[in-house]
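For reference, the structure discussed in these notes is given below.
So you know, we letter chains A, B, ... as the sequences are listed, proteins then strands, and number each from 1. Computed from a prediction, not measured in an experiment: that's the story for all the values here.
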There are 2 protein chains.
Amino acid sequence: MPRKTDKRVRLVDAAKALIHRQGFNLTTLADIAQEADVPLGNVYYYFKTKEAIGEAVIANRGRELHDALQTWEKAANAKERLLAYVQFEVDSAEETAKSGCPVGGLCQELAKQGGSLADAAAKLLSDTMLWAEKQFQGMGMGEASRGLAMQFVAAVQGNALLTNTFKDPKILANLKVSLSKWLDKVASTKNATVPIEKVEEYA
Amino acid sequence: MPRKTDKRVRLVDAAKALIHRQGFNLTTLADIAQEADVPLGNVYYYFKTKEAIGEAVIANRGRELHDALQTWEKAANAKERLLAYVQFEVDSAEETAKSGCPVGGLCQELAKQGGSLADAAAKLLSDTMLWAEKQFQGMGMGEASRGLAMQFVAAVQGNALLTNTFKDPKILANLKVSLSKWLDKVASTKNATVPIEKVEEYA
DNA sequence: GTCTATATACAGATAGAC
DNA sequence: GTCTATCTGTATATAGAC
């Protein structure tokens, strides 16, 4: 027996998957309605506009992210916590090779149209950054933590783009090995080497 | 006196700028025609389809890239050559904050629709990678060069995404300082530290 | 709450006069 | 080679019966 929100959930799930695969602009309401097995006209009972569906999808990604951050938070130490995040990306590498990073893709595409959707997408990356910064602080990196988090997230996002562009999931797997060694070095020397280093301040 | 190809050039230039700002799918032929000051119907005398304009724009970016690679090639040593590339990104940081990296943006967006446009865009990143790999080989990094080039380009692309997402050009400026120190270390120790390390083979 | 039919707008593309 | 007018398809969104 379908709950009241059943169709709404199906629509958001369908939109989330389709937007990941095709991007926001290329995904039509007809696509979403079909994938969710809801008649097109009925979509508007649940979402007033296409943008409203976008908001719901990003909100869903946000909840997903915060659940994940909480899970990773349980790991034994800062290095393991950061690696849990990278491991998640490795586990998604096949999908990333096909369709790119869901979060990075949203930020990239929506930044071009500005507005509240772009801001909502940016917050996903921003929250990830803040979480990573907290981990580096936990490693005793102090003021350098912000720059380290920036480079850490940039490395993941950059590798995700190359993974998608070259259709090669191994790129992300290699990144994890690389970052693992690097985190050992950072943790032991308390001195970031690079391309992750304390430089100026990030506004 | 307008040359035979005058309008064609104007159309490609207009399309290049608009696609950078708005993305390929959001840019209409009417947009391009207006920006190039060419009547809409006349566009089709120069380009049979919108995809054909996309091809011309990517080909243009390709020539631009190869000219740039040749220029950077003139620098004194491998480190300076790689930094010339990073410096170029720093010089474009304001534009990148507004509209993202033109090449990364194309790869991201076009990967989702596949086809020859996606391949053409991917070749821009691939050529950049091969050039960077050559520089690392020139530094005596041997077999590790490919992985180093991958991480190097990933760092630039990742930082470009964050620059665009957070609208902060300083992110790219900081990256240059960071990468400069890192290249010193790599060059002197002949041993990559990280997040750029020799790991497995990249297919 | 649900769904069919349709309004409205605008995209890519073409016809054909000049 | 150039440009106006227009065809055709399809997207978002609405109206209104059920």
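Residues satisfying the ring-ring contact (aromatic ring centres under 6.0 Å, His included) criterion with W131(B), sequence neighbours excluded, are W72(B). Applying the side chain to side chain contact (heavy atoms under 4.5 Å, CB included) rule to A97(B) yields the partners T163(B), P169(B); only residues at least two apart in sequence or on another chain are considered. Remark: K16(B) pairs with E64(B) by the salt bridge (Lys or Arg N to Asp or Glu O under 4.0 Å) rule, at least two apart or across chains. Every residue meeting the salt bridge (Lys or Arg N to Asp or Glu O under 4.0 Å) condition with K79(B), not counting sequence neighbours, appears here in chain and number order: D184(B). By the side chain to side chain contact (heavy atoms under 4.5 Å, CB included) test, Q137(A) is found to be paired with E133(A), S145(A), residues two or more places apart in sequence or in another chain being considered.
As a whole-Å value, the separation of I32(A) CD1 from dA13(D) P is 11 Å.
A side-chain hydrogen bond (donor to acceptor under 3.5 Å, both in side chains) check over residues 99-113 of chain A, counting only residues at least two apart or in different chains, returns the pairs N25(A)-E109(A). Sorted by first and then second residue, the side-chain hydrogen bond (donor to acceptor under 3.5 Å, both in side chains) pairs involving residues 31-43 of chain A (not counting sequence neighbours) are R21(A)-E35(A), T28(A)-D31(A).
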Self-check item: Per-nucleotide protein contact string for nucleotides 3-18 of chain C (B base, S sugar-phosphate only, - none; heavy atom under 4.0 Å)
Solution: BB------SSBB----
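Ionic pairing of D6(B) and R10(B) is present here: one or more N-O contacts between side-chain nitrogen and carboxylate oxygen are shorter than 4.0 angstrom.
Taking a 4.0 Å limit (strictly below) on heavy-atom distances, residues 105-119 of chain A does not reach DNA chain C anywhere.
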